[in-house]
Structures are given as C-alpha cells and as structure tokens.
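What follows is a short report on a single structure.
The structure displayed is predicted, hence computed values, not measured ones. Counting starts at 1 for both ligands and their atoms, following the listed order. Below, each value reflects all heavy atoms present in this structure, side chains not excepted, and no hydrogens, waters or symmetry copies.
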Amino acid sequence: MLAYLFVSGDDLTPVRQPDSPYYFAYKGFPNTRSTMLVAEALADKGWLERSFFDRHHECAGCHSHRLIVREECPACHSPNLSEVDLIHHYSCAKLSPEDDFRRGTALVCPKCSKQLRHYGKDYDKPGRVEFCGRCQKTTSEPAIGFVCQDCGMRVDGDAVNVTDVFSYSLSDQAGALLATETAEVEYFPKALLQAFPDELQRRVLQLSHSKECAPDFVVAEIQYGARDDLLRNKGEAAFRSMRKLLADNLQGLLGDNASVHSSHDRDYVLFLGVDETGLGAYSASMLNRSESVLFDKLHPTLLVLWSGREGTER
Ligand SMILES: [Zn+2]
Ligand SMILES: [Zn+2]
Ligand SMILES: [Zn+2]
C-alpha cells in the first residue's frame, strides 16, 4: 500500500459508492474493509496520516454501513407511528388521544362518558403525541433506531457503532523511507532497526534521514547482569516490572538528552548529541542511580549497538 501510494503520488482517497455495503470505496483498492484495517494499522504506526472524510454508522453484526435510521415506538420498536391530537377533558381531567373520545362525529369522554361540546370551555387540545400502530401505545418522545439493510440487525440509536472514514496520505517518515536509496537504508543496519520498538524505529529513521548534517546519536541496549537469576527466582512478571521501574527512573534522570524505549523483552536507550566515547562514565552513573532505589538489583550495563559517528563516514 505504501509503495502504491508513493508510486501513484495520490492519497488513499474514499469515493462515495452507494452500491457498496460501506457506501464508499478506496480508489485502486477493491476490498474496502481490509484496506481500512491496513490503513488504520499503518496510521497507528506513523506511516500514514489521516484526514477526516466522513462519519458513518456501522452494523455490529456484519460491518455494513448501509443502515437506515428511523423514529420508533419506545415500547415495541415499531416505526409505524402516527401523530395524533391529545384531548384534555377539563371536568374530569382525562387526557387521551382524540381517537379515544371519537364517537362518530361526536366527542365523548371515555372516563366520565360526558359529551364534549365546546372547545376551550369543555376541553382543549394541549398537543400532539405519536401513536404506535402496532402496540397502540402513545409517546411524546419516539426513540431512534437503526436497521442494517444487509443483515437486518436492529440497534438503538444511542448504542449504534460509529466509524470515521478517513483519507490517508504518506507521512514524512514514510516518504523519506520510500525515497531513500538502498545505500541509505544500509547506513543504519536494517535487521537491527526492525528489532526495535516502533517509537525507537521512528526516531532512528528521522535521525538517519537528516541529510545535511550527520547527527550524533547512540543507540544502546540495557543488559541485565542479574537477568537469569531474577528470572529463575522471581519469575518473568516480576522481572518485567523491575525493568519497567528502572526504565522509568532512568528516563527521569536522563531528561531530554535521551529516551528509553522498551519492547516485550528488551530495553533500549537513544542518546542524542553524544558519541560513544563521551558516554561511558556518564551512562554508568545514571544506571547506578536508576537502580539504587530498587529492592532487587538488576546490575544493568549498556551495550552500544550503534553510534552515529560511524555514519559520518558515508
Ligand atoms: Zn371526562
Ligand atoms: Zn409500539
Ligand atoms: Zn448488518
């Protein structure tokens, strides 16, 4: 999809299409639903940027967007409603639809059986209500309901799924990656990059693509000397929460100069504006301070995976 958008130079654009169950289609992509899912996943990872196109209602049963909306009887959900006048009989306070009073041409009160003769004197008409042709109930506030035209599923208006339709364009990050010659991808080892958590990948790509000045940055992995012992004695969940505590402490100490990124089983630090030689003593003291408050010691050290200095050779 990214390559297609890059080559075509077009955005992924929805066009209205009433005969599709989604009421729209993406130009060049025949399967609308899987295109939506892929585009959403790419947008979540920062490769595509969304712009709002429209808001649809979606069937929870079959994902169709072909729903009709109608006013319904709140008691039985029938849309067979008609508006009727209410009559208020002053002398006995009976309030009912006009039909209940109607006897041929005369109006007779169903409660006290008196005939109503003078509008304004015997009775008045305080308003109109909806009368349900199916269950015969009246209501002044009809409900809203949606019915799927593809599978017939009905849902209350306040419970219906809403789904936003977007057009998508390549993000700067995706454009930069796709425009890059292979040589420049090799500048940062691709296999290494792919092992990183998403956010770290994004940061490294941005740094690697600033062409004018080769940026100084270092990516290091935190290694834990006590890893095997802790896994054996405390278990994986405990080890992971210790890693998390240490990572949070470390990020707090490093401030804006570096960022800590964690994947399921590894932690990385991206240092900005430094080279490898300047890092050693500084990072060791930061790691020591990060774990000083922890009950169990992790014995962390840094393994430098990549240093921006090599990049200046290119
Ligand atoms: Zn009456
Ligand atoms: Zn009804
Ligand atoms: Zn449906």
Atom of H89 closest to the Zn ion (ligand 1), considering N, O or S atoms: ND1
C62 atom SG and C148 atom SG as seen from the Zn ion (ligand 3), angle to 10 degrees: 110°
SG (C135) to the Zn ion (ligand 2) to SG (C73), nearest 10°, is 100°
Could you verify whether a donor N or O on one side chain and an acceptor N or O on the other, from Y168 and E40, lie under 3.5 Å apart? yes
Ring centres under 6.0 angstrom apart (Y224, F239): yes
Minimum heavy-atom separation for T32 and A25, please, with both atom names. OG1-CA, 3.8 Å
The Zn ion (ligand 2) to nearest N/O/S of C132 less than 2.8 Å: yes
Atom of L294, atom of M242 and distance for their closest heavy-atom approach: CD1-O, 4.1 Å
S91/H89 under side chain to side chain donor-acceptor pair (under 3.5 Å): CA gap, chis, key distance, verdict: CA-CA 6 Å; S91 66; H89 189 203; 3.2 Å; yes
Contact check: C151 to the Zn ion (ligand 3), N/O/S below 2.8 Å: yes
